[in-house]
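Bear in mind that the values here come from a model prediction, so they are computed numbers and not experimental data.
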Amino acid sequence: MAEQRGKDLMHQELEKVAPGTRLREGLDMILSARTGALIVMGDTDAVDELCDGGFVIDTPFSPQRLFELAKMDGAIILDEGGERIIRANVHLVPDSSLLTTETGMRHRTAERVSRQTHALVLSVSQRREVVSLYLRGRRVALEDIEVVLAKANQALQTLQNYRTRLDEVLDRLTHLEFYDLVTIGNVAEAVGRFEMVRRVSKEVTRYIAQLGTDGRLIRMQADELTANVEDQYLLLTRDYAADPSLREAASLLGRFAELPLERLLESDAVAHELGLDAIDRAEQHVYSRGYRVLAQLPALPAGVTNRLVARFDSLPGIMKASSEQLDEVDGVGTRRAKAIASGLMRLKAHSEV
């Protein structure tokens with residue numbers, strides 16, 4: 001988990017150097033001129049302790065100023081948001097005992113400063129024309145936009161395939177729910193498919209962050225492919241978890257996100273997280289409470305859904321209820337009772353197609 005958090009932090013920082021940002025414009029100018037640079041962003045109090053020489057300018061940031069200051073040998077210190085240039089032509093003196101895997105002087109300094117502080121450090125290689133980002137000892141090389149765009153499109157295609165498969169699994173699950181034939185294995189399969197979509201979606205989001213303004217089209221496509229996924233996932237967990245509360249359902253999504261994908265495909269692992277008494281029994285029968293199916297009915301408030309589930313306990317129970325029995329639930333009424341009954345029958349017929 002610490003490894004994953006480190007990756008997430010780094011990908012958040014990559015947004016600061018995405019195309020369309022002023023910092024990226026300045027970096028491109030430095031690369032075009034084949035001028036090296038060492039730039040430190042944020043944690044200015046800790047960074048100040050490592051500074052020797054140079055001069056304080058504390059001036060608003062601009063790409064042109066960054067480019068001109070990079071012509072000097074020393075490091076450039078920016079605030080965390082990259083809005084101001086604090087110092088320039090600075091000699092950084094980090095702890096020399098800190099381990100580093102780098103060989104060049106600029107890159108060794110960058111890695112050590114990133115280990116000693118919480119600052120983001122950018123090292124622009126004059127010889128290789130590569131921008132390297134360092135955060136808490138982790139290094140990522142800034143890739144060409146064409147390379148990132150190709151990876152993003154590939155991930156987007158994978159996301160599309162996974163979403164198609166998820167919809168197929170959910171359609172089959174809905175059909176089984178109407179006939180009260182759901183097993184733990186069916187639920188585990190749906191959970192696994194939801195997680196596949198979520199994880200690939202997260203990867204696409206990382207590429208979008210790196211692409212900046214060049215990733216607008218991919219962002220629109222990704223948003224369309226992930227529409228309602230989180231809502232449906234939450235409702236699925238409420239349908240089958242021992243505790244159907246919203247808080248527990250949200251907690252479950254977090255625990256599922258931490259499980260290795262191979263474990264998610266194991267029925268006993270999913271059953272354990274859901275709080276169900278099942279050990280290696282993929283064919284054990286479970287019933288749906290009906291949250292996910294009821295959410296497909298138009299203009300049905302969440303409060304009414306909760307009361308319907310509380311009154312009839314399960315989707316099969318709601319299906320068997322007459323209009324008069326549905327009418328007895330607070331907030332339903334005669335007209336809505338008929339709409340619920342007819343709506344569920346339409347969904348059931350559609351699931352059989």
Side-chain angles (χ1 to χ4, degrees), residues 166-195 228-229 231-253 255-256 264-297 300-332 337 339-353:
L166 170 63
D167 290 341
E168 292 173 354
V169 168
L170 291 180
D171 286 344
R172 184 169 67 251
L173 180 64
T174 300
H175 176 74
L176 294 173
E177 286 174 339
F178 276 121
Y179 288 94
D180 197 17
L181 297 174
V182 181
T183 65
I184 290 178
N186 300 134
V187 178
E189 183 182 17
V191 169
R193 290 295 169 180
F194 269 117
E195 276 302 321
N228 300 321
V229 167
D231 292 339
Q232 291 188 62
Y233 196 7
L234 192 70
L235 292 170
L236 177 79
T237 58
R238 295 193 71 192
D239 273 340
Y240 295 101
D243 178 359
S245 66
L246 278 172
R247 175 175 294 184
E248 175 60 18
S251 176
L252 265 172
L253 296 194
R255 298 202 296 273
F256 283 141
L264 281 168
L265 300 178
E266 298 174 4
S267 300
D268 62 327
V270 173
H272 173 73
E273 294 297 339
L274 290 171
L276 303 179
D277 183 18
I279 303 298
D280 195 25
R281 296 188 219 170
E283 299 305 316
Q284 179 172 320
H285 171 264
V286 288
Y287 66 85
S288 167
R289 291 188 176 90
Y291 287 109
R292 189 176 60 86
V293 170
L294 288 171
Q296 299 177 50
L297 298 180
L300 186 62
V304 174
T305 296
N306 291 334
R307 288 190 287 273
L308 284 169
V309 174
R311 170 67 175 80
F312 299 105
D313 190 48
S314 67
L315 179 61
I318 297 172
M319 291 292 296
K320 293 176 183 177
S322 64
S323 296
E324 290 75 16
Q325 290 173 315
L326 293 172
D327 187 11
E328 294 173 359
V329 177
D330 185 30
V332 175
I340 291 172
S342 61
L344 289 175
M345 291 305 298
R346 283 196 301 271
L347 291 174
K348 181 178 180 180
H350 179 73
S351 74
E352 298 172 351
V353 177

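- Listed by chain and number, the residues in a side-chain contact (heavy atoms from CB on, under 4.5 Å) with Arg346 are Ser342 (sequence neighbours excluded).
- Between the CZ atom of Arg311 and the CG atom of Asn306 there is a distance of 15.5 Å, given to the nearest 0.5 Å.
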Exercise for the section: Kindly indicate, with the supporting measurements, whether the criterion side chain to side chain contact (heavy atoms under 4.5 Å, CB included) is fulfilled by Val191 and Tyr240. Expected result: CA-CA 11 Å; Val191 169; Tyr240 295 101; over 6 Å; no

Practice task
Applying side chain to side chain contact (heavy atoms under 4.5 Å, CB included), run through Phe194 and Leu264 and close with a yes or a no.
Solution key: CA-CA 10 Å; Phe194 269 117; Leu264 281 168; over 6 Å; no

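- For Ala190 against Val169, the heavy-atom pair with the smallest separation is CA-CG1, 3.8 Å.
- The salt bridge (charged side-chain N to carboxylate O under 4.0 Å, His left out) search around Glu266 returns Arg263, not counting sequence neighbours.
- Leu252 is not listed as a side-chain neighbour of Tyr233, based on a closest heavy-atom distance of 4.5 Å or more.
- Taking every heavy atom of both residues into account, Ser288 and Pro316 meet most closely at O-CD, 3.9 Å.
- Applying the side-chain contact (heavy atoms from CB on, under 4.5 Å) rule to Asn228 yields the partners Asp231, Gln232; only residues at least two apart in sequence or on another chain are considered.
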Handout entry: Stepwise side chain to side chain contact (heavy atoms under 4.5 Å, CB included) test for Ile184 and Val270
Key = CA-CA 8 Å; Ile184 290 178; Val270 173; 5.6 Å; no

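- Looking at residues two or more places apart in sequence or on another chain, you find a salt bridge (charged side-chain N to carboxylate O under 4.0 Å, His left out) between Asp167 and Arg163.
- Taking Tyr291 as the reference, nothing meets the ring-ring contact (aromatic ring centres under 6.0 Å, His included) condition, with sequence neighbours excluded.
- In terms of heavy atoms, Ala295 sits closest to Leu235 at CB-CD1, 3.5 Å.
- Applying the side-chain hydrogen bond (donor to acceptor under 3.5 Å, both in side chains) test to Gln296 and every residue at least two apart in sequence or in another chain returns nothing.
- Residues Leu315 and Lys348 fail the side-chain proximity criterion, which asks for heavy atoms closer than 4.5 Å.
- Using a distance-only test at 3.5 Å, with no hydrogens or angles considered, a donor-acceptor pair links the side chain of Arg307 to the main chain of Asp330.
- Looking at residues two or more places apart in sequence or on another chain, you find a side-chain contact (heavy atoms from CB on, under 4.5 Å) between Asn186 and Leu173, Leu176, Val182, Thr183.
- Judged as a side-chain hydrogen bond (donor to acceptor under 3.5 Å, both in side chains), and not counting sequence neighbours, Thr305 has no contacts.
- Arg289 is linked by a side-chain hydrogen bond (donor to acceptor under 3.5 Å, both in side chains) to nothing, counting only residues two or more places apart in sequence or in another chain.
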Handout entry: Evaluation steps, side chain to side chain contact (heavy atoms under 4.5 Å, CB included), between Leu308 and Val332
Key = CA-CA 9 Å; Leu308 284 169; Val332 175; 4.2 Å; yes

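- Side chain to side chain, Asp171 and His350 fail the donor-acceptor criterion of an N or O pair below 3.5 Å.
- Take Leu297 and apply the side-chain contact (heavy atoms from CB on, under 4.5 Å) test, not counting sequence neighbours, and it matches Leu294, Leu300, Ile340, Leu344, Leu347.
- Here the side chains of Asp180 and Met319 are not in contact, with every heavy-atom distance at 4.5 Å or above.
- Taking all atoms of both residues into account, the shortest heavy-atom contact from Leu234 to Ala250 is CD1-N, 3.7 Å.
- Counting all heavy atoms, side chain and backbone alike, Ala337 lies closest to Ser323 at CB-O, 3.4 Å.
- Nearest heavy atom pair, residue Arg238 against residue Ala249, reads CG-CB, 3.7 Å.
- Summarising the geometry, atom OG belonging to Ser251 is positioned 9.0 Å from atom CD belonging to Glu273; distances are rounded to the nearest 0.5 Å.
- A donor-acceptor distance shorter than 3.5 angstrom exists from the side chain of Thr174 to the backbone of Leu170, with no hydrogens or angles considered.
- Residues satisfying the side-chain hydrogen bond (donor to acceptor under 3.5 Å, both in side chains) test with Glu248, not counting sequence neighbours, are Arg255.
- In this structure, Phe178 has no ring-ring contact (aromatic ring centres under 6.0 Å, His included) partners at least two apart in sequence or on a different chain.
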